[in-house]
Asks: 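I am attaching a structure below and will ask some questions about it afterwards.
Because the structure is a prediction, the values reported are computed rather than measured.
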Amino acid sequence: MHPSPLVQDPQEHLPSLLSTDAQELSYQLQQHQAKIFPPQSRKTLRAFSPAEAASFIGIGEGYLRQVAADGHGPEPLANGRRLYTALDMDRIRQVLDERNGGPKYVPHRRAGEKLQVVSVMNFKGGSGKTTTSAHLAQFLALKGYRVLAIDLDPQASLSALFGHQPELDVGEGETLYGAIRYDAPRPIAEIVRATYTPNLHLIPGNLELMEFEHETPKAMMSGRAESMFFARIGEALTEIESFYDVVVVDCPPQLGFLTMSALCAATSTLITVHPQMLDVMSMSQFLTMTSELMSVVEKAGGRTSYDWMRYLVTRFEPNDGPQSQMTGFMRAIFGNRMLNSAMVKSTAVADAGVTKQTLYEVDRSQFTRGTYDRAIESLGQVNGEVEALIRSTWGRRS
């Protein structure tokens, strides 16, 4: 007797499996989203304590109480305390500047100060790139700057954090691709959206952004591109630059045409890095590739000089010996090209992200006090350093 042949399982058709899983996952995510934020609801920004408001405005808490008592703050609550919205803080800045007789507290760009475009990038996922972008953009908006956040990552996590679901809320031509595509680009002003944070606008992302990666080689070969790929984001931004002080770009986690275009549009660059050996080794390769690609772009006329470039250590655990050693290792190599502050790893940031919120949105009472305070202090130090770099570029002393 011949042995019976082994019965083989039918092969699994990967495209079909992925498509089915994607549809089911998308549906379940939409159901989850509906539970967290019902369709008729909109994300809102919480009000801030006097200490928080004073810090964002740039004055002492005692002075803020005096300004509020003079009738320029919110009405006190039943318990006598005042809570300040972002709009309250904007109004108080204007009042203070009127008293001051000149622009000091409203931090908008002045004559001769150029738009700051900060590209946040890393080649490897999990480096805290999107978390950094979201908190930086929101921090600057709460400080009174006019901020545009651009989500260039097709995964669109930044958009989701700011209340715009890529599968539900972002249609064809409604990402930055709509403004930089080679055929019939849209005016970028039509794509910009308001957010629930005053002073902060958004250009959302979704999978449509991948079209730029596919179409650019075709446009280059056919010669139908009116401008080189690396100039298209910068050219689009010139249409709306007068409305903003700072643009924060969350780049894709790979070195493609989108990332190179974002780098050429940028005036400064922030590179996030997780201080572990594999991540740092990966970053070494990333820096080599970026350097080589930018040399090619430079020969074609692209911008390759910046007001500043900094490395930011993210998801840092101070009590982790190897992480501290790796951070010291990088500081010895990069010197002052590293931000002095690191973004500490915190359950507060992770837990806030579960409900698609930033740390500036969640209430402190949802966490143990020490956990929240450490995370918000770390954020303030990192974002404060970036703000200082921006102001220094403008030639402001403080």
Asks: Checking salt bridge (Lys or Arg N to Asp or Glu O under 4.0 Å) between D245 and each of R391, R146, R110, K114, which is the one that passes?
Replies: R146

Asks: Indicate if M220 and Y182 have the same hydrophobic cluster label, given that clusters are the connected sets of ILVMFWY residues with side-chain heavy-atom separations under 4.5 angstrom.
Replies: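 Both belong to a single hydrophobic cluster.
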
Asks: Nearest 0.5 angstrom please: T132 OG1 to L379 CG, how far?
Replies: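 These two atoms lie 8.5 Å from each other.
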
Asks: Mind telling me whether F162 and Y196 have parallel, tilted or perpendicular rings, with 30° and 60° as the class edges?
Replies: perpendicular

Asks: Determine, using the 4.5 Å side-chain heavy-atom cutoff (strictly less than), whether Y177 and M210 are members of one ILVMFWY cluster.
Replies: no

Asks: When the ring planes of Y311 and F334 are compared, do they come out parallel, tilted or perpendicular, using 30° and 60° as the limits?
Replies: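 It falls in the parallel class, under 30°.
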
Asks: Could you check if a side-chain atom of E211 sits within less than 4.5 angstrom of a side-chain atom of H214, using non-hydrogen atoms only?
Replies: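 With C-beta onward as the side chain, the pair touches.
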
Asks: Go through it in stages, so that I can follow the logic: the residues are L237 and L148, the test is side-chain contact (heavy atoms from CB on, under 4.5 Å), and I'd like the CA-CA distance, side-chain angles, deciding distance and then a yes or no.
Replies: CA-CA 10 Å; L237 287 176; L148 173 64; 4.2 Å; yes

Asks: Which residues satisfy the salt bridge (Lys or Arg N to Asp or Glu O under 4.0 Å) test with E213, sequence neighbours excluded?
Replies: none

Asks: Compare all side-chain heavy atoms of R193 with those of E174 and state whether any distance is below 4.5 angstrom.
Replies: yes

Asks: Any heavy-atom pair between the side chains of E215 and F257 that's under 4.5 Å?
Replies: no

Asks: Please list, chain by chain and in numerical order, all residues satisfying salt bridge (Lys or Arg N to Asp or Glu O under 4.0 Å) with E75, sequence neighbours excluded.
Replies: none

Asks: Verify, without hydrogens or angle tests, whether W308 (side chain) and T269 (backbone) share a donor-acceptor contact under 3.5 angstrom.
Replies: no

Asks: Report yes or no: does R232 contribute a side-chain atom to a donor-acceptor pair with the main-chain N or O of I180 at less than 3.5 Å?
Replies: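 The answer is yes, because a donor-acceptor pair under 3.5 Å joins these two groups.
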
Asks: With Q138, which of N383, T195, N199, T197 fulfils side-chain hydrogen bond (donor to acceptor under 3.5 Å, both in side chains)?
Replies: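 For Q138, the side-chain hydrogen bond (donor to acceptor under 3.5 Å, both in side chains) test succeeds with only one of N383, T195, N199, T197, which is T197.
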
Asks: How far does NZ of K143 sit from CG of L140, to the nearest 0.5 angstrom?
Replies: 9.0 Å

Asks: Would you say M89 and I92 make side-chain contact, with heavy atoms under 4.5 Å?
Replies: no

Asks: What's the spacing between K345 NZ and H274 NE2 if we round to 0.5 Å?
Replies: 6.0 Å

Asks: Could you report the tightest heavy-atom contact between L45 and P198, atom names first, then the distance?
Replies: CD2-CD, 4.4 Å

Asks: Hey, is the main chain of N206 close enough, under 3.5 Å, to the side chain of T175 for a donor-acceptor pair?
Replies: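 No: the side chain of T175 does not pair with the backbone of N206.
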
Asks: Please check if the side chain of D151 supplies one atom and the backbone of S159 the other of a donor-acceptor pair under 3.5 Å.
Replies: yes

Asks: Going only through I, L, V, M, F, W and Y residues with side-chain contacts under 4.5 Å, is there a path from Y105 to F48?
Replies: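 The answer is yes; both residues are in one hydrophobic cluster.
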
Asks: Please lay out, stage by stage, how I188 and I203 fare under the test side-chain contact (heavy atoms from CB on, under 4.5 Å).
Replies: CA-CA 9 Å; I188 192 171; I203 295 179; 3.8 Å; yes

Asks: Restricting to side chain to side chain donor-acceptor pair (under 3.5 Å), what partner residues turn up for D70, sequence neighbours left out?
Replies: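 Scan of D70 (side chain to side chain donor-acceptor pair (under 3.5 Å), adjacent residues dropped) gives R99.
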
Asks: What about Y244 and H201, are their ring centers closer than 6.0 Å?
Replies: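 Ring-ring flag for Y244/H201: true, centres closer than 6.0 Å.
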
Asks: Determine, step by step, whether E235 and T238 satisfy the side chain to side chain donor-acceptor pair (under 3.5 Å) criterion, reporting the C-alpha distance in whole Å, the side-chain angles of both residues, the deciding distance to 0.1 Å, and the verdict.
Replies: CA-CA 5 Å; E235 289 173 355; T238 59; over 6 Å; no

Asks: Considering non-hydrogen atoms only, spot the tightest contact between P204 and V170 and give its length.
Replies: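 Answer, listing the atom of P204 first, then V170: CB-CG2, 3.8 Å.
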
Asks: Give a yes or no on whether the backbone of Y360 and the side-chain of R46 come within a donor-acceptor separation of less than 3.5 Å.
Replies: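 Yes; at least one donor-acceptor contact below 3.5 Å.
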
Asks: Hey, could you give me the CD1/CZ distance between I390 and R396, rounded to the nearest 0.5 Å?
Replies: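 The CZ atom of R396 is 10.0 Å from CD1 of I390, to the nearest 0.5 Å.
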
Asks: For the residue pair L83 and S49, what are the closest heavy atoms and their distance?
Replies: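 Shortest heavy-atom contact: CD2-CA, 4.0 Å.
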
Asks: With distance as the sole test, does R186 use its side chain to make a donor-acceptor pair with the main-chain N or O of G173 at under 3.5 Å?
Replies: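 Answer holds: yes.
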
Asks: Going through the checks in order, is the side chain to side chain donor-acceptor pair (under 3.5 Å) test met by D307 and S268?
Replies: CA-CA 5 Å; D307 295 325; S268 50; 5.9 Å; no

Asks: Please test Y145 against E387 for side chain to side chain donor-acceptor pair (under 3.5 Å), starting from the C-alpha separation and ending with a verdict.
Replies: CA-CA 10 Å; Y145 299 91; E387 181 193 13; 2.7 Å; yes

Asks: Might you point out which heavy atoms bring P50 and R81 nearest each other, and give the distance in Å?
Replies: CD-NH2, 3.9 Å

Asks: Report the C-alpha distance between D363 and Y372 in whole Å, list the side-chain angles of each, state the deciding distance to 0.1 Å, and finish with yes or no for side-chain contact (heavy atoms from CB on, under 4.5 Å).
Replies: CA-CA 9 Å; D363 196 273; Y372 180 86; over 6 Å; no

Asks: V95, I59: one ILVMFWY side-chain cluster at the under-4.5 Å cut-off?
Replies: no

Asks: Do L339 and V120 share a hydrophobic cluster (ILVMFWY, side-chain heavy atoms under 4.5 Å, transitive)?
Replies: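 In one cluster: yes.
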
Asks: Taking all heavy atoms of L64 and all of A54, pick out the closest pair and write down the distance.
Replies: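 Closest heavy-atom pair between L64 and A54: CD2-N, 3.8 Å.
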
Asks: Any side-chain to backbone donor/acceptor pair from T85 onto A47? Under 3.5 Å, distance only.
Replies: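 Not confirmed, T85 side chain does not pair with A47 backbone.
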
Asks: Is the side chain of T259 donor-acceptor paired with the backbone N or O of Q254 at a distance under 3.5 Å, no angle test?
Replies: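 Yes, because the side chain of T259 sits within donor-acceptor range (under 3.5 Å) of the backbone of Q254.
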
Asks: Check whether any side-chain N or O of S392 sits under 3.5 Å from a backbone N or O of A388 as a donor-acceptor pair, and report yes or no.
Replies: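 Such a contact is absent between S392 side chain and A388 backbone.
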
Asks: Given I57 and L96, is the side-chain contact (heavy atoms from CB on, under 4.5 Å) satisfied, shown in steps?
Replies: CA-CA 10 Å; I57 296 169; L96 294 175; 3.9 Å; yes

Asks: Any side-chain heavy atom of L115 sitting closer than 4.5 Å to one from T267?
Replies: no

Asks: Taking all non-hydrogen atoms of both residues, which atom of L359 and which atom of I376 are closest, and how far apart?
Replies: CD2-N, 3.8 Å

Asks: Would you call D153 and K129 a salt bridge, using N to O less than 4.0 angstrom?
Replies: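 So D153 pairs with K129 through a salt bridge.
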
Asks: I need the N340 CG to R331 CZ distance, nearest 0.5 Å.
Replies: 6.0 Å

Asks: Between atom CD of Q155 and atom CG of L207, what is the distance when rounded to the nearest 0.5 Å?
Replies: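 Reported value, rounded in 0.5 Å steps: 8.5 Å.
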
Asks: Under 3.5 Å, is there a donor-acceptor pair between the side chain of T216 and the main chain of F212?
Replies: yes

